[in-house]
Amino acid sequence: MQANKKFCVKVYGCQMNVYDADRVRTVLCSRGWEEIPEENQFDADVVMITGCSVRAKAEQKVWSELGLYESSWQKNHKPLIALTGCIAQRLGEKALSRFPYVRLVAGPRHIGMLPNAIEQIEAHPKSRINLLDTDAREFHALDFDSDDITIKRENKYKAYVTIAHGCDNFCTYCIVPYVRGRFVSRKPDDIFAECEMLIHDGVKEITLLGQNVNSYGKDIGLNFAWLLKNVAQLDGIKRVRFVTSLPQDFTEDIVNVMASEKTVCPSLNLPIQSGSNHILKLMNRKYTREEYFAKVAMTREHVPELGLTTDLIVGFPGETEEDFADSMSALEEIRFDLVHSAAYSERDGTSAATMTGALPVELRLDRLNRLNELQDSITLSINQNLQGHVFEVLVDAPAPKGEGLLQGRTPSDKVVIFEGKKSLIGQFVNVRITQAEAWCLHGELVSE
């Protein structure tokens with residue numbers, strides 16, 4: 001037991017990083033470690049930083065963060081740093097050579113080895129462990145055998161469950177296959193057992209996670225629609241969501257489950273990435289604009305209350321003004337509820353990074369601003385049409401700003417802020433929408 005040892009966890013990036021970090025902190029706490037908050041991180045024996053490498057900005061943020069420990073290290077030789085996640089897979093060896101306090105690096109496929117490795121560097125502070133030397137083709141999972149373990153997480157009522165690791169699609173702009181490895185589905189029994197554990201612990205909403213959840217089961221003779229239906233029918237589950245979907249693998253049987261299972265939320269993130277067939281081909285996205293539009297129409301026919309979000313990149317190498325216009329028209333025709341947009345940034349190791357036709361950064365940012373301005377107006381219009389409607393909301397936390405305000409999400413995944421007592425957190429309440437903004441809705445409680 002490490003009864004007097006303290007650790008801190010800092011997560012940058014996607015939900016999968018959050019999920020992985022929660023599992024490591026769960027094991028450390030079960031072994032007697034004490035977790036301390038970020039504001040006290042310099043009092044920790046070990047700080048685990050889990051970082052993203054998908055976008056350059058996220059990577060730069062983690063790299064800058066590592067420099068903050070120099071002064072503490074010079075004075076106290078603590079804390080020791082464990083760098084994990086996608087950024088460690090990409091830059092871990094560089095971090096080991098540059099920062100003396102980085103004592104452990106581990107990629108996403110080594111999560112099952114992390115708790116023991118963290119204890120090892122704490123027990124032997126002069127040691128350095130590079131788990132990147134481990135065969136990356138083998139995924140080292142971190143599953144829990146004991147029913148007594150409660151998975152630690154930020155939100156008591158909502159939880160993520162990873163159903164697959166890695167990706168085999170090799171989109172030309174994306175570094176994920178190189179840092180998270182090839183696609184591997186988790187065993188369904190392990191997924192069901194984890195969901196049941198979470199439900200028993202009071203979780204009311206589970207989000208199934210994967211780089212492309214729709215591909216689940218292809219490697220083990222199953223499919224995602226089957227998994228989604230079985231999770232949705234677990235005793236005690238109230239809401240089920242899933243991210244992220246891949247358009248070419250998003251099929252009608254998945255939509256049928258969304259339409260027939262009341263616990264599956266009518267929300268969908270379906271990344272389009274570009275509205276131009278020319279750019280989609282350069283990106284190695286295996287669908288056309290027309291095929292994407294058809295799948296959206298099919299889904300809305302079966303799930304009319306659908307909340308639809310997407311991911312879209314502007315300024316990809318070779319993108320002409322006509323290609324960009326195709327993306328703008330896609331927003332106008334489809335009318336997404338929300339768009340996660342980004343200006344293209346080169347990622348070393350991807351084929352797009354060496355493509356001809358790179359656009360000036362200023363042009364990329366100009367197109368991003370133009371696209372965001374259009375989408376903000378669309379989102380605001382959609383949200384304003386919801387004024388006066390009543391939605392069932394899972395109250396998940398106090399609102400980040402405003403005394404006496406709570407926040408939650410509608411089934412279609414829209415953030416709602418309203419007045420209420422903290423005792424309502426974790427409950428489902430009915431809220432009437434009174435005001436709309438582009439990024440959230442405001443409402444008032446409706447008495448039963």
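Just the heavy atoms: all of them, side chains too, but no hydrogens, waters or symmetry mates, feed the values below.
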Here the side-chain hydrogen bond (donor to acceptor under 3.5 Å, both in side chains) pairs for residues 245-255, sequence neighbours left out, are Asn214-Ser245, Ser215-Asp249, Lys218-Asp249, Thr251-Asp253

Which is it for Arg409 and Asp413 under the salt bridge (Lys or Arg N to Asp or Glu O under 4.0 Å) test, yes or no, and what are the steps along the way?
-> CA-CA 5 Å; Arg409 288 182 181 267; Asp413 208 28; 3.4 Å; yes

>> For Thr410 and Ser412, which I'm curious about, is there any donor-acceptor pair between the side chains at under 3.5 Å?
In response: yes

*Under 6.0 Å between ring centres, would you say that holds for Phe224 and Phe250?*
no

task = Taking the side chain as every heavy atom from C-beta outward, state whether Val314 and Leu312 have any pair of such atoms under 4.5 Å apart.
result = yes

- Message: Tell me whether Lys414 forms a cation-pi arrangement with Trp439, defined as NZ or CZ under 6.0 Å from the six-membered ring centre and within 45 degrees of its axis.
- Response: no

Rounding to 0.5 Å, atoms CG (Leu96) and CZ (Arg103) come to a distance of 9.0 Å

Residues passing the side chain to side chain contact (heavy atoms under 4.5 Å, CB included) test with Glu290, sequence neighbours excluded, are Asn277, Thr288

Q.
Are there over 12 heavy-atom neighbours, none belonging to Glu373, within less than 6.0 Å of that residue's CD?
A. no

Pair up each side-chain donor or acceptor in residues 258-273 with any protein partner under 3.5 Å, not counting sequence neighbours, and list the distances.
| unit_1 | atom_1 | unit_2 | atom_2 | d |
| --- | --- | --- | --- | --- |
| Ser260 | OG | Asn256 | O | 2.8 |
| Glu261 | OE2 | Lys229 | NZ | 3.0 |
| Glu261 | OE2 | Gln233 | NE2 | 3.0 |
| Thr263 | OG1 | Ala232 | O | 2.9 |
| Ser267 | OG | Arg241 | NH1 | 3.0 |
| Asn269 | ND2 | Thr309 | OG1 | 2.9 |
| Gln273 | NE2 | Tyr173 | OH | 3.3 |

For Glu319 and Ile279 the tightest heavy-atom approach is CA-CD1, 3.6 Å

ask   = Would you say Glu444 and Phe418 make side-chain contact, with heavy atoms under 4.5 Å?
value = no

